[in-house]
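Excluded from the calculations below are hydrogen atoms, water molecules and symmetry mates; all remaining heavy atoms, backbone and side chain alike, are included. Only a predicted model underlies this, so the values are computations on that prediction, with no experimental measurement involved. Remember, it's 1-based here, ligands and their atoms both numbered in the order they're listed.
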Amino acid sequence: MKVDGQPRRTIWPAESGRAVQVIDQRWLPHRLDIVSLDDLAGVVTAIRDMWVRGAPLIGVSAAYGLALQMQRDASDAALTAAVETLVSARPTAVNLAWAVRRLQRVLQPLPPAERPAKAWALAGELADEDAAVNEAIGRHGLPLLQDVAARRGGRVDVLTHCNAGWLATVDWGTALSPIYHAQAAGLDVHVWVDETRPRNQGASLTAWELGQQGVAHTVIADNAGGHLMQQGRVDLVIVGCDRVTARGDVCNKIGTYLKALAARDNGVPFYAAMPLSTLDLSLDDGLVDIPIEERSAREVSHLTGRDAEGRLVEVQLLPDGSAAANPAFDVTPARLVTGLITERGVVPTEERALRAIAA
Ligand SMILES: CSC[C@H]1O[C@H](OP(=O)(O)O)[C@H](O)[C@@H]1O
């Protein structure tokens with residue numbers, strides 16, 4: 001999408017063909033840092049430490065990490081080791097393993113000498129495919145917003161959690177793609193943006209990208225969403241997802257489940273935008289089967305922001321000695337999800353429908 005009026009992606013191959021360039025999202029919205037990653041270790045660090053984040057984007061980033069490793073060592077042992085190293089970088093988003101194993105299936109039968117060029121081409125294809133998938137998610141999600149706008153004289157208020165915009169993908173985003181399509185269709189769309197403690201992907205990333213695109217938005221404390229729904233100020237909720245099970249349980253950023261409960265209690269439709277690469281048909285009960293990443297307590301106890309002099313500074317929020325827990329995701333049971341917006345259409349959270357649309 002656009003940055004300062006210019007089209008951008010979150011990740012792109014360096015002209016040398018021996019590095020991949022990414023937006024280092026840790027410093028947004030205050031600094032737009034572009035970094036060049038030229039080896040597997042660099043990509044693993046970028047994924048693990050959330051320079052790049054978002055289920056589809058970490059999948060594509062991992063694909064480039066595997067391709068960079070093939071340029072250095074394309075042996076069977078190196079291929080296997082690189083796959084396992086990448087898959088272990090973050091456990092919850094299925095897209096990471098999905099992308100890496102998709103490349104591995106193509107590379108494994110090839111002679112090592114052919115692997116570097118093929119891996120690099122496949123990573124690029126995956127990036128282009130992701131952008132196309134997300135644009136399609138937006139097209140299929142648009143009618144949901146148009147239906148509301150038709151009843152409200154063109155206005156629609158959407159609440160979203162975390163960042164499932166173009167910064168979480170290669171381009172377009174998932175949950176925000178219908179909003180970008182609604183803007184292009186001339187709807188008066190406004191977005192309630194959950195700050196999304198503790199990493200504040202909403203306050204720092206969603207607010208920034210909506211602002212860059214000129215979409216009206218209001219950042220709110222995570223705890224305000226239910227109150228706004230009680231007041232009738234939220235027409236629908238659209239979130240992203242990191243893994244969806246065969247029965248439609250949705251794993252997403254911590255706090256999503258609480259929004260789904262509030263939405264159900266207030267009769268607000270609750271959708272998850274789901275590229276089919278995020279559907280894990282091997283799992284059934286999300287609460288039992290999906291690994292939930294536990295991240296550093298420092299993400300809860302400390303906060304980074306810009307001071308009056310424009311410097312990025314970290315401050316401590318908690319008393320010395322207070323413990324902090326930091327589960328990074330939660331699981332919303334299928335019964336609380338109105339539907340899943342995919343690149344092939346909107347589907348109910350029913351196993352038969354999910355297996356059919358994924359076939
Ligand atoms: C389109 S996937 C976005 C998804 O990924 C985020 O997690 P993280 O920022 O930790 O990678 C969050 O769960 C978003 O909904």
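When the shell of 6.0 Å around CD of E15 is examined, it contains 12 or fewer heavy atoms from other residues, nucleotides or ligands.
Under the 6.0 Å cut-off for aromatic ring centres, H181 and W172 qualify, their centroids lying closer than that. Between W166 and Y180, the ring center distance fails the sub-6.0 Å criterion.
Each of the atoms 5 (O), 8 (P), 11 (O) of ligand 1 lies under 4.0 Å from some heavy atom of G54. Which parts of ligand 1 touch A55 is read off a 4.0 Å heavy-atom cut-off, strictly below it: atoms 2 (S), 5 (O). Atoms of ligand 1 lying under 4.0 Å from at least one heavy atom of R53, given by number and element, are 6 (C), 9 (O), 11 (O). Of all atoms in ligand 1, listed by their number and element, those nearer than 4.0 Å to a heavy atom of Q201 are 8 (P), 9 (O), 10 (O). Atoms of ligand 1 found under 4.0 Å from any heavy atom of A168 (numbered from 1 in listed order, with element): 1 (C), 3 (C). Short contacts between ligand 1 and C241, defined as distances under 4.0 Å to a heavy atom of the residue, involve ligand atoms 2 (S). Less than 4.0 angstrom separates some heavy atom of P56 from each of these atoms of ligand 1: 1 (C), 2 (S).
From the protein, the heavy atom lying nearest to atom 13 (O) of ligand 1 is D242 OD1, 2.5 Å. Protein heavy atom closest to atom 12 (C) of ligand 1, with residue, atom name and distance, is C162 SG, 3.4 Å. For atom 1 (C) of ligand 1, the closest non-hydrogen atom on the protein side is T174 OG1, 3.3 Å.
N163 counts as a contact of ligand 1, since one of its heavy atoms falls under 4.0 Å from the ligand. Distances shorter than 4.0 angstrom occur between a heavy atom of M50 and an atom of ligand 1.
Q25 and D33 are not linked by any side-chain donor-acceptor pair at a separation below 3.5 angstrom, with hydrogens and angles left out of the test. In this model, no donor atom of one side chain and acceptor atom of the other lie less than 3.5 Å apart for N134 and S177.
Looking only at distances, a side-chain donor or acceptor of R115 sits under 3.5 Å from a matching main-chain atom of L107. Here the side chain of R9 pairs no donor or acceptor atom with the backbone of T169 at under 3.5 angstrom.
Cation-pi geometry between K253 and F329 is met: under 6.0 angstrom from the ring centre, within 45 degrees of the axis.
Here R90 has side-chain heavy atoms under 4.0 Å from ligand 1, and that is the only part of it that gets that close.
Partner W12 forms a side chain to side chain contact (heavy atoms under 4.5 Å, CB included) with one of I34, V20, V22 and no other, that one being I34.
In terms of N/O distances under 3.5 Å, ligand 1 is not approached by H161.
Taking each of Q25, K253, E293 in turn, the one with a heavy atom nearest to atom 10 (O) of ligand 1 proves to be K253.
L66 and L86 get closest at one heavy-atom pair: N-CD1, 3.7 Å.
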